[in-house]
Number of protein chains: 2
Amino acid sequence: MDGRPDLRNDTARKILDAADELLAEVGLDGVSARSVATRAGVNNALVFYHFKSMRGLVERVLERYYEGQLAALEAATGAADEPLRARLHRVVDAYLDFMEAHRRFPRLVQGLTAMGPELHDLLRGHLAPLLRWAERALADVAPPEGPLAARHLFITFSGVITTWFTQGPLLAPLWGDDPEGPAALAERRAHVRWVVDALLAGLAREEPAGT
Amino acid sequence: MDGRPDLRNDTARKILDAADELLAEVGLDGVSARSVATRAGVNNALVFYHFKSMRGLVERVLERYYEGQLAALEAATGAADEPLRARLHRVVDAYLDFMEAHRRFPRLVQGLTAMGPELHDLLRGHLAPLLRWAERALADVAPPEGPLAARHLFITFSGVITTWFTQGPLLAPLWGDDPEGPAALAERRAHVRWVVDALLAGLAREEPAGT
DNA sequence: GTCTATAGGCGGATAGAC
DNA sequence: GTCTATCCGCCTATAGAC
C-alpha cells in the first residue's frame, strides 16, 4: 500500500481511469477525491484505500503514460540499417501517434509542470530516460555538446510536437479548422516531417564531411 | 469595478505583483486570496475590493504579460528593408528576450492552458493578435495554406522557445547546467537561431524561384 | 479605501462497522 | 474490500464598522 495498487483489482482500475479523464477535463486542482469516486462509480473512501492519497493517484496516472511513451519511442528506434531520414520520420511518427492516441497526456504534463516545484522531481524521474533515449537515437547526427547537441534537439522536437496538442484547441478555431480532426493532424504531421528534413539538411551542412 | 482597478493605486499594484509572483511559485490553485494579501502586505478583503474576484485578479496578471509580449514582437518587426534572415533573427531574439525578462510568463500560460476549458476563451483572446502578427510577419516567406503555413510555423516557434523555459528547469539538472544561468540561455539562443536558418533554407528550397 | 468578523462550501483524509 | 459518518482546515466572498 504505497500508492501502487494491484491494478487487476477492478475498483482500482476504475478509479485510475476516472482520475485520468478528470485530470484532463478540469486540471489537477479541479479534481477532488469525491469527483473521482463519483465518476468511477465507487465510494469516496476507496480512493484513499487503493491509492493512499490524491498525490499517489496522480502519480500512477502519470506513470502509465510515461511508460507507454518510452516504450513507443524505443519500439520505433529499432533498425539501425535503415536510412537516417526514414528512421527519424518513423520516430517522429511514433511520437505523434502516441500523442494522438493519448491526447490527455501532453495536457496533463503541462499542467503538472506549471504547478510548482514539489512535482519537479517526479517529472524529472520520468523525463530522464526519455532524454537518454534521445541522446542515443541522435548519437550519430548531433554533436555531443553545444547548440546543436541532442538535448537541444530533443527539447525542440518535444516542443514542436506537444505544443500542437496543447495549443491546438486554442488556436485552431481561429483559423476555422477542427483541431482534433484527422485532417488537421495530418497537416501537422506533414509540417513536423518537413521540420525534420530541414533540420537534418542543416546538420548535414554543419559537418560536410564525416569526421 | 469590473476587475480593472486603477493601477495608479498603490495597493492594487502591490496585490497584482504579489499575485504574479505567487502564480509562478505555487500555480493557479496554490494561490489564495489570503496568500496574495499576505505577500502584498495588505488586508485580505482588499483583494476583492480591487479585483472583484480571484479570477479577475488572474486575468489582470495575464493581460499585463500578453500586452507586453505583443508590443515586444511588434517593435522587433519594423524595418522591411532589412534582409529577411536578419529580420527573423531579431524577432526571435525579441521573443527570447521577453521570455528571459519574464520567466514566469510561459509557466503561467502553460498552467492556465492545462486548466480546463473555462479559461480557453480568455487565452484565445490574447493569442489571436499574436497569430495575426505572425501571419503578417511571415507573409512573404510562408505559403498561405498547408503544412508550411505561417500558423504552423508560429506554433512551431512558440513551442521551440517556450518549451525551453518551461521544461528547462526540469531537464537542465540532468545535464548539470544551470538552466536559469546566462550561459545556458546563450546556448539555447544559438540553437533557436540555427533552427531559424535551417527552416529558412528549407522554405527557400520549396520555392526555388520567386512567384 | 481599509479594516474585522464571519458565513457557507468543499477539500483531504480517517475511524470503525460490515 | 467496501461502506457511512465525520473531523477539521482552507477557501472565496461579503457585511458592516471605521
Side-chain angles (χ1 to χ4, degrees), chain A residues 1-62 108 111-112 115-116 118-119 122, chain B residues 1-62 111-112 114-116 118-119 122:
Chain A
M1 225 228 273
D2 60 334
R4 286 190 162 69
D6 185 356
L7 286 186
R8 286 163 312 185
N9 179 301
D10 209 49
T11 302
R13 276 217 100 88
K14 279 193 282 189
I15 293 172
L16 193 65
D17 291 337
D20 189 344
E21 290 173 27
L22 282 170
L23 278 169
E25 286 173 25
V26 293
L28 177 49
D29 293 285
V31 175
S32 67
R34 283 172 167 85
S35 64
V36 170
T38 302
R39 167 82 55 116
V42 305
N43 187 280
N44 184 7
L46 290 176
V47 173
F48 299 95
Y49 175 78
H50 286 287
F51 293 90
K52 189 72 183 171
S53 69
M54 282 305 288
R55 158 115 192 201
L57 177 55
V58 172
E59 285 178 7
R60 284 296 290 166
V61 172
L62 200 62
L108 171 61
L112 297 182
M115 205 134 182
E118 322 88 48
L119 292 166
L122 175 64
Chain B
M1 229 231 268
D2 60 335
R4 288 192 160 69
D6 185 356
L7 287 185
R8 285 165 311 187
N9 179 301
D10 210 48
T11 301
R13 274 218 101 87
K14 278 193 282 187
I15 292 173
L16 193 65
D17 290 338
D20 189 347
E21 291 174 27
L22 283 170
L23 277 169
E25 285 172 27
V26 294
L28 176 50
D29 293 286
V31 176
S32 68
R34 280 175 168 82
S35 63
V36 170
T38 304
R39 167 81 56 114
V42 305
N43 186 280
N44 185 6
L46 290 176
V47 174
F48 299 95
Y49 175 79
H50 286 286
F51 293 89
K52 187 76 183 170
S53 69
M54 282 305 286
R55 158 115 192 201
L57 177 54
V58 172
E59 286 178 7
R60 282 296 290 168
V61 172
L62 199 61
L112 297 182
M115 206 136 182
E118 320 89 47
L119 292 166
L122 175 64

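Throughout, protein chains are lettered first and strands after them, A, B, ... in sequence-line order, and every chain is numbered starting at 1.
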(request) State, with a plain yes or no, whether a side-chain heavy atom of Tyr49(B) is found less than 4.5 Å away from one of Asn43(B). (result) no
(request) Kindly say if Asn9(A) contacts the phosphate of dG1(D), meaning a side-chain N or O under 4.0 Å from OP1 or OP2. (result) yes
(request) Could you check how far CZ of Arg55(A) sits from C1' of dG12(C), rounded to whole Å? (result) 15 Å
(message) Heavy atoms from C-beta onward define the side chain here; which of dC3(C), dA13(D), dT14(C) lies closest to that of Met54(B)?
(response) dA13(D)
(message) Strictly below 4.0 Å: does Asn43(A) bring a side-chain N or O up to OP1 or OP2 of dT4(D)?
(response) yes
(message) Less than 4.5 Å apart, side chain to side chain, heavy atoms only: is that true for Asp29(B) and Leu28(A)?
(response) no
(message) Taking the side chain as everything from C-beta on, heavy atoms only, tell me whether Arg39(A) gets closer than 4.5 Å to Glu25(A).
(response) yes
(message) Please report the distance, rounded to the nearest Å, between NE2 in His50(B) and C1' in dT2(C).
(response) 8 Å
(request) In whole angstrom, give the distance that lies between atom CG of Leu57(B) and atom C1' of dA13(D). (result) 14 Å
(request) Using atom CZ of Phe48(A) as one end and atom P of dA13(C) as the other, report the distance to the nearest whole Å. (result) 5 Å
(request) Mind calculating the distance between CG (Asn44(A)) and C1' (dC3(D)) to the nearest angstrom? (result) 11 Å
(message) In whole Å, I'd like the distance from the CG atom of Asp10(A) to the P atom of dG1(D).
(response) 11 Å
(message) Under the rule for side chain to side chain contact (heavy atoms under 4.5 Å, CB included), what residues qualify as partners of Arg55(A), not counting sequence neighbours?
(response) Ser53(A), Glu59(A), Glu118(A), Leu119(A), Leu122(A)
(request) Could you check whether Val36(A) gets within reach of a base, just the sugar-phosphate, or nothing at all, counting any heavy atom under 4.0 Å? (result) nothing
(request) Could you tell me whether the side chain of Val31(B) reaches within less than 4.5 Å of the side chain of Val58(B), counting heavy atoms only? (result) no
(message) If I take atom CZ in residue Arg34(B) and atom P in nucleotide dG9(D), what distance separates them, rounded to the nearest angstrom?
(response) 13 Å
(request) May I ask you to evaluate whether Ser32(A) reaches the phosphate of dC10(C), defined as a side-chain N or O under 4.0 Å from OP1 or OP2? (result) no
(message) Nearest to the side chain of Ala45(A), heavy atoms from C-beta on, is which of dT2(D), dT4(D), dT4(C)?
(response) dT4(D)
(message) I need the residues from residues 12-30 of chain B with at least one non-hydrogen atom less than 4.0 Å from DNA chain D; give them sorted by number, or say none.
(response) none
(message) Are the side chains of Val47(A) and Arg34(A) in contact, using a 4.5 Å heavy-atom criterion?
(response) no
(message) From OH of Tyr49(B) over to P of dC18(D), roughly how many Å is that when rounded to an integer?
(response) 19 Å
(message) I want to check one thing: is the phosphate of dT2(C), taken as OP1 and OP2, less than 4.0 Å away from some side-chain N or O of Thr11(B)?
(response) yes
(message) To the closest 0.5 Å, what do you measure between CG (Leu23(A)) and CG (Leu57(A))?
(response) 7.0 Å
